[in-house]
Amino acid sequence: MKHIHIHLRPLPLLAALAVASLTQQLHAGAPVPGIAAAAAEPAVSGINGKLDADYGAINRSSTRGVAGTISVPLGQRFGAQFDGLYQHGFSTNIFGVGTHLFTRDPGKGLLGLAFSGMTSQKFTDVIVGMEGEYYFKKVTLGLVAGYDNYNSRVPTTFPGLATHQSFAAARVYAAIYPMDNLMVRLEYQNRFNHNFYVAHVEWQTPINGVALYADAGVGEHSYAHLIGGVRIYFGGSKPLKDRHRKDDPSNVNSTFIGTNSGGSTDTAAPAPVKLPD
């Protein structure tokens, strides 16, 4: 019988305070030094979406999958997004759904609620929390913080997962745009009271709406992943930075697929084979 116990760490608490501060600034409407000036625009430019196809490895096990989103405006100041994911790896099929409800000023930032639910034969992972982004001219600062109920049904080398299934989860990231069609995102995740570090690169090609991306991460207990793929955007012609700030937020399933899959895999190195004398 697993005990339900919530572990709180300083990072999610600080993230929650940052969200509260962002809320005040977004609704105050006051100009903020260093923030790119922009005319008033809707939270979502129009109905839009994207489809991903990926291939890679998580903890030395190959994985492949597809994911998609659709975003819709809810009036001028609000928007909603619906996420979906299918991933195959570790001899199991992973299915995911997600939802975002948010308010956004494309010239300042985003604030909203996010839900992610993923399940497979090996684990169930449910995250409910808040998300926020703050826009500078060439940089986006973002966070996701909330409650994570993770139920692993197989042995794992992450301490705590064998006896507990309730944790705090957090993502903190900086997305840098050297060019409007190129993003480099550096990210920290806290899952299961452990630390993970992720780097993500996305480039929108000269073909309208077609982007290539790569995602690499490392973490405690020998965790590692490397995933790459192609992403197709729907919803008009615009630079990659505008797609991120005026159309759809990141797919909440895709951003957590590495660490939640890693939570139900044995990351220990295989025992050496003893040869007969």
Side-chain angles (χ1 to χ4, degrees), residues 44-71 81-90 94 96 98 100 106 110 116 118 131 133 135-142 144 171-189 196-219 223-262:
V44 179
S45 64
I47 296 176
N48 67 87
K50 61 176 179 277
L51 291 174
D52 301 356
D54 67 68
Y55 183 84
I58 302 173
N59 289 343
R60 302 180 297 275
S61 179
S62 64
T63 183
R64 60 190 181 277
V66 293
T69 70
I70 183 168
S71 303
Q81 177 170 299
F82 306 96
D83 303 338
L85 174 142
Y86 166 77
Q87 196 80 14
H88 179 80
F90 324 106
I94 304 168
H100 310 248
L110 173 150
S116 169
M118 283 182 273
E131 62 182 344
E133 290 187 331
Y135 304 146
F136 295 84
K137 185 175 182 180
K138 293 287 187 180
V139 177
T140 294
L141 300 180
V144 178
R171 293 178 60 226
V172 179
Y173 56 90
I176 304 164
Y177 296 86
M179 300 180 293
D180 285 351
N181 281 320
L182 177 64
M183 179 195 71
V184 178
R185 186 175 70 217
L186 303 177
E187 178 174 331
Y188 166 79
Q189 289 190 20
F196 302 88
Y197 307 91
V198 180
H200 182 95
V201 178
E202 183 178 5
W203 171 59
Q204 182 171 252
T205 70
I207 303 173
N208 181 42
V210 177
L212 303 176
Y213 66 91
D215 197 89
V218 296
Y223 170 85
H225 78 252
L226 178 62
I227 298 174
V230 60
R231 178 169 292 143
I232 301 176
Y233 288 94
F234 304 95
S237 177
K238 53 176 69 74
L240 183 66
K241 185 173 73 171
D242 285 351
R243 294 191 188 278
H244 293 167
R245 296 183 176 185
K246 299 179 181 182
D247 289 350
D248 53 349
S250 297
N251 186 321
V252 68
N253 302 142
S254 300
T255 56
F256 283 120
I257 186 63
T259 52
N260 74 11
S261 299

Residue pairs passing the salt bridge (Lys or Arg N to Asp or Glu O under 4.0 Å) test where at least one lies in residues 247-262, sequence neighbours excluded: K50-D248, K238-D247
Criterion side chain to side chain contact (heavy atoms under 4.5 Å, CB included) on L240 and M183, from CA distance to verdict: CA-CA 8 Å; L240 183 66; M183 179 195 71; 4.2 Å; yes
Please find the pair of heavy atoms, one from [X] and one from [Y], that lie closest to each other, and give the distance.
X: L141; Y: A174; value: CD2-CB, 3.9 Å
X: A199; Y: L186; value: CB-CD2, 4.2 Å
X: N253; Y: S116; value: ND2-OG, 3.0 Å
X: G84; Y: N251; value: O-ND2, 3.4 Å
X: L51; Y: G68; value: CD2-CA, 4.0 Å
X: S71; Y: V44; value: CB-CG1, 4.4 Å

Residues Y223, F196; criterion ring-ring contact (aromatic ring centres under 6.0 Å, His included); working and verdict: CA-CA 8 Å; Y223 170 85; F196 302 88; 5.1 Å; yes
Separation of I227 CD1 from I257 CD1 (nearest 0.5 Å): 7.5 Å
CZ-CZ distance between F256 and R171, expressed to the nearest 0.5 angstrom: 6.0 Å
Check: T140/E133 side-chain N/O donor and acceptor closer than 3.5 Å: no
R243 and Q204 side chains, donor-acceptor separation under 3.5 Å: yes
Got a sec, which residues hit side chain to side chain contact (heavy atoms under 4.5 Å, CB included) with [X], two or more places apart in sequence or on another chain?
X: S250; answer: R185, T255
X: I232; answer: F234
X: L182; answer: P178, M179, V201, W203
X: K241; answer: Y177, D180, R245

Y55: ring pair (Phe, Tyr, Trp, His ring centres under 6.0 Å) partners, not counting sequence neighbours: none
Other residues, nucleotides, ligands: >12 heavy atoms within 6.0 Å of L212 CG: yes
So, does [X] use its side chain to make a donor-acceptor pair with the main chain of [Y] at under 3.5 Å?
X: N48; Y: G46; answer: yes
X: T69; Y: F82; answer: no
X: D52; Y: A67; answer: no

Sequence neighbours left out, what passes side-chain hydrogen bond (donor to acceptor under 3.5 Å, both in side chains) with [X]? Give chain and number order.
X: D83; result: Q81, H100
X: Y86; result: N93
X: Y233; result: E202, H244
X: D215; result: H200, H225

Side chain to side chain donor-acceptor pair (under 3.5 Å) assessment of Q87 paired with D54: CA-CA 9 Å; Q87 196 80 14; D54 67 68; 2.8 Å; yes
Worked verdict on Y188 versus V198 for side chain to side chain contact (heavy atoms under 4.5 Å, CB included): CA-CA 6 Å; Y188 166 79; V198 180; over 6 Å; no
Side-chain heavy atoms of L110 within contact of P249, under 4.5 Å: yes
Side chain to side chain, V172 and E187, heavy atoms closer than 4.5 Å: no
